[in-house]
Amino acid sequence: MNTSTYFLGMAASAGLIMAIGAQNAFVLRQGIRREHVAAVVAVCAVSDAALIALGTAGIGAASTRFPLAIPLLTVAGILFLSVYGMQAARRAWRPAGQGLDPQGGAPLALSAALVQAAAFSWLNPHAWLDTTVLLGSLANAQGDDRWVFAAGAMTASLLWFTLLAWTAGRLAPLFRRPHTWRVFDATVAMMMIGLAGGLTLQTLKG
């Protein structure tokens with residue numbers, strides 16, 4: 001195995017996923033709540049691995065043959081981010097709990113956590129463009145070592161989500177105060193609605 005190509009894949013993937021976006025914010029929240037953390041990390045990591053594999057296999061180039069794929073995915077992403085953002089805003093405005101003990105509101109069922117993790121992973125056009133198209137292109141530029149590059153990218157994704165969830169768990173004592181949850185949810189609400197607004201403007205300009 002070409003180790004330099006493997007670590008190049010790790011570096012490229014890390015550079016794309018470490019920015020706090022919608023998916024990372026969800027993992028962070030679940031980590032703080034210590035709620036279905038392993039399952040959420042697994043869904044996000046497996047989803048990223050699947051997107052990277054699709055790009056490495058050349059599926060990313062197929063978007064040129066199906067020009068409506070990205071716009072339709074964008075609309076779905078806008079709706080999902082808007083709804084999640086409004087829910088976070090409602091939690092910030094009218095918190096249901098008193099800090100972390102009641103977990104800042106009603107506990108999230110495992111099925112709901114898995115669905116939301118999958119939605120943040122698959123209904124994000126930026127994930128498709130960055131992970132599938134960009135990483136896929138970089139992987140294919142490595143020739144015979146493209147799957148070594150992909151393996152490095154997948155490893156970085158798994159390590160990042162695991163580290164993010166673990167770090168979030170260490171913040172749990174801070175989130176025993178209701179005010180901290182309100183600030184966090186308000187920040188998440190602005191982020192999600194901002195992302196939805198940005199995607200809307202991008203779509204209208206396109």
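On a predicted model such as this, the values are computed, not experimentally measured, just so you know.
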> Under 3.5 Å, which donor-acceptor pairs link side chains of residues 143-155 to any protein atom two or more places apart or in another chain?
| residue | atom | partner | partner atom | Å |
| --- | --- | --- | --- | --- |
| Asp145 | OD2 | Asn2 | ND2 | 3.3 |
| Arg146 | NH1 | Gly143 | O | 3.4 |
| Thr155 | OG1 | Tyr6 | OH | 2.8 |
| Thr155 | OG1 | Ala151 | O | 2.8 |

> Report the residues that fulfil ring pair (Phe, Tyr, Trp, His ring centres under 6.0 Å) with Phe120, sequence neighbours left out, ordered by chain and then residue number.
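Phe120 satisfies ring pair (Phe, Tyr, Trp, His ring centres under 6.0 Å) with Phe26, Phe80, Tyr84 only.
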> Tell me, please, which residues at least two apart from Ala42 pass side chain to side chain contact (heavy atoms under 4.5 Å, CB included).
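Ala42 satisfies side chain to side chain contact (heavy atoms under 4.5 Å, CB included) with no residue once adjacent residues are dropped.
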> Leu135 and Ser13: which non-hydrogen atoms are nearest, and at how many Å?
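So the two residues come closest at CD2-N, 4.1 Å.
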> For a quick test of reading the model, state the closest non-hydrogen atom pair linking Arg170 to Arg34 and the distance between them.
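Where Arg170 meets Arg34 most closely, the heavy atoms are NH2-NH2, 4.2 Å.
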> What's the separation between atom CG in Leu171 and atom CD1 in Ile32, rounded to the nearest 0.5 Å?
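Reported to 0.5 Å precision, the distance equals 5.5 Å.
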> Are any of the side-chain nitrogens in Asp185 or Arg90 under 4.0 Å away from the carboxylate oxygens of its partner?
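The answer is no: the pair does not qualify as a salt bridge.
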> When rounded to the nearest 0.5 angstrom, what is the spacing between OG in Ser121 and CZ in Phe161?
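That separation rounds to 6.0 Å.
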> Quick one: CD on Gln116 to CD on Gln87, what's the gap to the nearest 0.5 Å?
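Going from the CD atom of Gln116 to the CD atom of Gln87 covers 7.0 Å.
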> Listed by chain and number, what are the side-chain hydrogen bond (donor to acceptor under 3.5 Å, both in side chains) partners of Thr162, not counting sequence neighbours?
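Testing Thr162 for side-chain hydrogen bond (donor to acceptor under 3.5 Å, both in side chains), a comparison that skips the adjacent residues, returns none.
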> Ignoring hydrogens, what is the shortest heavy-atom contact between Val27 and Cys44? Give both atom names and the distance.
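So the two residues come closest at CG2-SG, 3.8 Å.
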> May I ask you to decide if Gln30's main-chain N or O and Glu35's side chain share a donor-acceptor pair within less than 3.5 Å?
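Not at all, since once roles are kept as given, no pair shorter than 3.5 Å links the two residues.
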> What are the two closest heavy atoms between Gln142 and Leu138, and how far apart are they?
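Nearest pair, atom of Gln142 first, then Leu138: NE2-O, 3.1 Å.
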> Measure the CD1-CG distance between Ile17 and Leu158 for me, rounded to the nearest 0.5 Å.
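It is 9.5 Å, given to the nearest 0.5 Å.
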> Hey, could you give me the OG1/CG distance between Thr200 and Leu79, rounded to the nearest 0.5 Å?
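One finds 8.5 Å between OG1 of Thr200 and CG of Leu79.
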> Just distance, no hydrogens or angles: give the donor-acceptor pairs under 3.5 Å from side chains in residues 107-115, sequence neighbours left out.
none

> According to a hydrophobic-cluster definition based on side-chain heavy atoms being under 4.5 Å apart (Ile, Leu, Val, Met, Phe, Trp, Tyr only), do Val43 and Val41 belong together?
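No, no single cluster joins them.
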> Remaining members of Val46's ILVMFWY cluster at a side-chain heavy-atom cut-off under 4.5 Å?
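ILVMFWY cluster around Val46 holds nothing else.
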> Roughly how far apart are Thr56 OG1 and Leu51 CG, rounded to 0.5 Å?
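CG of Leu51 is found 10.5 Å from OG1 of Thr56.
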> Taking only residues two or more places apart in sequence, or in another chain, which ones meet Ser157 in a side-chain hydrogen bond (donor to acceptor under 3.5 Å, both in side chains)?
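Expected list: Asp48.
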